[in-house]
Amino acid sequence: MFCYQCAQATKGIGCTVKGTCGKDATVARLQDNLIFALKGISAYLYHARELGYTDSEIDAFLEKALYTTLTNVNFDLEDFVKLAIEAGEMNVRAMKLLKEAHIKTYGEPTPVKVRTGTVKGRGILVTGHSLKALEELLKQTDGTGINVYTHSELLPAHGYPGIRKYKHLVGNLGISWRDQRVLFSKYPLAILGTSNCVLIPREEYRDRLFTAGPVKLPGIPYISDYDYKPVIEKARSLPELKEEPSDVVLTTGFSKSVVLSLEDEIKELVEAGKIRHFFLVGGCDSPLRKMEYYREFVKLLPKDTVILTLGCGKFRFNDLDLGDIDGVPRLIDLGQCNDAIVAIEIAEALSKLFNADVNDLPLTLVLCWMEQKAVAIFWSLLSLGIRGIYLGPILPPWVNDEILKMLKESYDVKLVSEPKEDMERIIGG
């Protein structure tokens, strides 16, 4: 962390120069937090721009926020909170823009079951967030006999009709970004990193890794203009994978319209007491042992609850078979982290359906990790007036006692504790 008032590196603890800071240490943290949020917004805008969609009003906000943050012109605590809320509002626009780009380009997602084992033959594994990069690769590998697999945040791509029409898109391998060094070493695949969350590679697969878009790694070939010939040639040079079926089948592709097509059934089930509570459990995964909280929490939830999920945090529990409630799935995967906009729109629709404020619905948000895009989404939720969010498994580094107090008092933000304790606190024993 850096204190912008004192121009001094602070090793993550806020300003240490006596007599000059006080609240400035908190402002420095909010400045860092805002930069994280701007990174998240920019990521969504990048992927929307790939598909020809832009928003000049969001661009103007990014200019203002960066100027305010990076040129030491503003040290007002209240103003930075307002800027964070405005960043949340702009991120709502960015997520809507990206969702529009995805749907108009690839069709609206519908539920699909995705295999997680390997298919006999040579293959390419694609990780990151870019549907555009994935589609271009699928076009260029069509008819070549090379299979394509998704990884991590590209799992939801299978739900889009314009993506899954390619029959050589054969499944998803692995979980979230944190498994890539082990996963990428295990399978003799060519690997394409399309956006963030690509780690510095191990030697075992360094010669099989390529990057594209905003991703660049030392000594790793970079693909320009979606020309994947080098990736395809590498895949052809590698041994064939064996057929390895898996018992795990993942279901993804629940769009807003798919979920709301069930609204009459949902209303009846709620009024009949068959659905007691809705949860949104998801966010960003991390390698922390404490992240097991989310699997245990979901496993503890009673059978009269429904779990919406999104982001790579879902890989902590999306292999669980939770069944359904009279035809309504108990586990509903809405997609990538940017599909938080789908969750927001579903919550707004439920609010109208039950003629109740969103905060009065039987709905609780339990979010994991809080960096970059997750920060932008967090402030989006607060900008919409959503209260009572559970946050964990540890505090984000930009939160100090003063910021935590503000979040608790102004937005009723709660910190996760133990899964059973939190479950009972939310819905009773």
Side-chain angles (χ1 to χ4, degrees), residues 36-54 58 91 94-106 109 114 124-138 148-160 162-164 169 172-180 183-184 191-199 209-217 222-223 226 228 231 250 252-253 255 282-286 309-315 318 333-343 368-369 371-377 380:
F36 276 129
L38 299 182
K39 289 180 179 181
I41 296 169
S42 297
Y44 296 148
L45 291 179
Y46 177 89
H47 291 305
R49 191 181 296 273
E50 277 189 298
L51 299 172
Y53 289 75
T54 60
I58 306 176
N91 189 57
M95 290 190 296
K96 285 184 177 179
L97 182 71
L98 181 54
K99 195 64 193 176
E100 178 187 7
H102 282 164
I103 289 175
K104 288 188 175 179
T105 306
Y106 305 115
V114 182
I124 299 172
L125 181 65
V126 191
T127 190
H129 292 71
S130 176
L131 298 189
K132 169 70 172 176
L134 175 61
E135 184 206 19
E136 293 299 324
L137 177 68
L138 288 167
V148 176
Y149 301 83
T150 57
H151 173 254
S152 191
E153 282 277 42
L154 275 175
L155 166 65
H158 293 265
Y160 290 89
I163 298 290
R164 70 167 179 254
L169 178 64
N172 186 83
L173 294 179
I175 51 174
S176 69
W177 62 272
R178 65 188 172 88
D179 80 338
Q180 58 186 262
L183 179 77
F184 295 177
I191 305 156
L192 177 64
T194 68
S195 59
N196 59 321
C197 301
V198 181
L199 301 177
L209 178 62
F210 301 81
T211 64
V215 187
K216 291 188 178 181
L217 295 172
Y222 178 77
I223 303 298
Y226 307 103
Y228 297 120
V231 187
L250 304 178
T252 189
S255 63
C284 296
D285 198 3
S286 72
T309 190
L310 49 82
C312 64
K314 65 173 169 272
F315 283 100
N318 67 342
D333 178 5
L334 301 176
Q336 295 180 329
C337 57
N338 59 277
D339 290 312
I341 191 60
V342 179
C368 52
W369 205 240
E371 300 297 350
Q372 297 185 23
K373 288 176 288 185
V375 173
I377 293 170
S380 291

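Both backbone and side-chain heavy atoms feed into the values below; hydrogens, waters and symmetry mates do not.
- Two residues are said to be in side-chain contact when any heavy atoms from C-beta on lie closer than 4.5 Å; R178 and S286 fail this criterion.
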Can you list the steps and then say if N318 with T309 is a side chain to side chain contact (heavy atoms under 4.5 Å, CB included)? CA-CA 9 Å; N318 67 342; T309 190; 5.5 Å; no
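- At least one donor-acceptor pair under 3.5 Å links the side chain of S195 to the backbone N or O of H129.
- Rounded to the nearest 0.5 Å, atoms OH (Y228) and CG (L137) are 6.5 Å apart.
- Taking CD1 of I58 as the reference point, atom OH of Y44 lies at 12.0 Å (rounded to 0.5 Å).
- Nearest heavy atom pair, residue L310 against residue A343, reads CD2-CB, 4.0 Å.
- A side-chain donor from one of S380 and N91 sits under 3.5 Å from a side-chain acceptor of the other.
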If you apply the rule side chain to side chain contact (heavy atoms under 4.5 Å, CB included), what do you find for Y222 with V215, and how did you get there? CA-CA 8 Å; Y222 178 77; V215 187; 5.8 Å; no
Checking side chain to side chain contact (heavy atoms under 4.5 Å, CB included) for the pair H151/F184: CA distance, chi angles, key distance, verdict? CA-CA 10 Å; H151 173 254; F184 295 177; 4.1 Å; yes
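- Between E153 atom CD and C197 atom SG the span is 7.5 Å, to the nearest 0.5 Å.
- Side chain to side chain, H47 and N338 fail the donor-acceptor criterion of an N or O pair below 3.5 Å.
- Within the model, atoms CG of L45 and CD1 of I41 stand 7.5 Å from one another, a figure rounded to the nearest 0.5 Å.
- Here the side chain of S152 pairs no donor or acceptor atom with the backbone of S176 at under 3.5 angstrom.
- By the 4.5 Å heavy-atom criterion applied to side chains, I223 and T211 are not counted as neighbours.
- Each of I191, I124, L192 was compared with F210 under the side-chain contact (heavy atoms from CB on, under 4.5 Å) criterion, and only L192 meets it.
- Judged by distance alone, the side chain of K314 and the main-chain N or O of G311 form a donor-acceptor pair under 3.5 Å.
- The existence of a salt bridge linking E136 and K132 is confirmed by a sub-4.0 Å separation between a basic side-chain nitrogen and an acidic carboxylate oxygen.
- When all heavy atoms of C284 and A374 are compared, the closest pair comes out as SG-CB, 3.5 Å.
- Rounding to the nearest 0.5 angstrom, the gap separating the CG atom in L98 from the CZ atom in R49 is 12.5 Å.
- Checking each of K99, H102, K373 against Q336 for a side-chain contact (heavy atoms from CB on, under 4.5 Å) leaves exactly one that passes, namely H102.
- Rounding to the nearest 0.5 Å places CG of L334 at 11.5 Å from CD1 of I341.
- Paired with L125 under the rule side-chain contact (heavy atoms from CB on, under 4.5 Å), one option of L173, N172, T150 passes, and it is L173.
- Evaluated for a side-chain contact (heavy atoms from CB on, under 4.5 Å) with L131, the options T105, L154, T194 yield exactly one hit, L154.
- For the residue pair P109 and S255, the shortest heavy atom distance occurs at O-OG, 3.0 Å.
- Counting heavy atoms from C-beta outward, Y106 and L51 have side chains that approach closer than 4.5 Å.
- At a cut-off of 3.5 Å, with distance as the only test, no side-chain donor of Y53 or E100 sits close to an acceptor on the other residue.
- The two atoms that bring Y46 and G213 nearest to each other are OH-CA, 3.2 Å, heavy atoms only.
- Side-chain contact, Q180 with T127: no donor N or O sits under 3.5 Å from an acceptor N or O.
- A 4.5 Å side-chain heavy-atom check between C337 and I377 finds at least one atom pair inside the cut-off.
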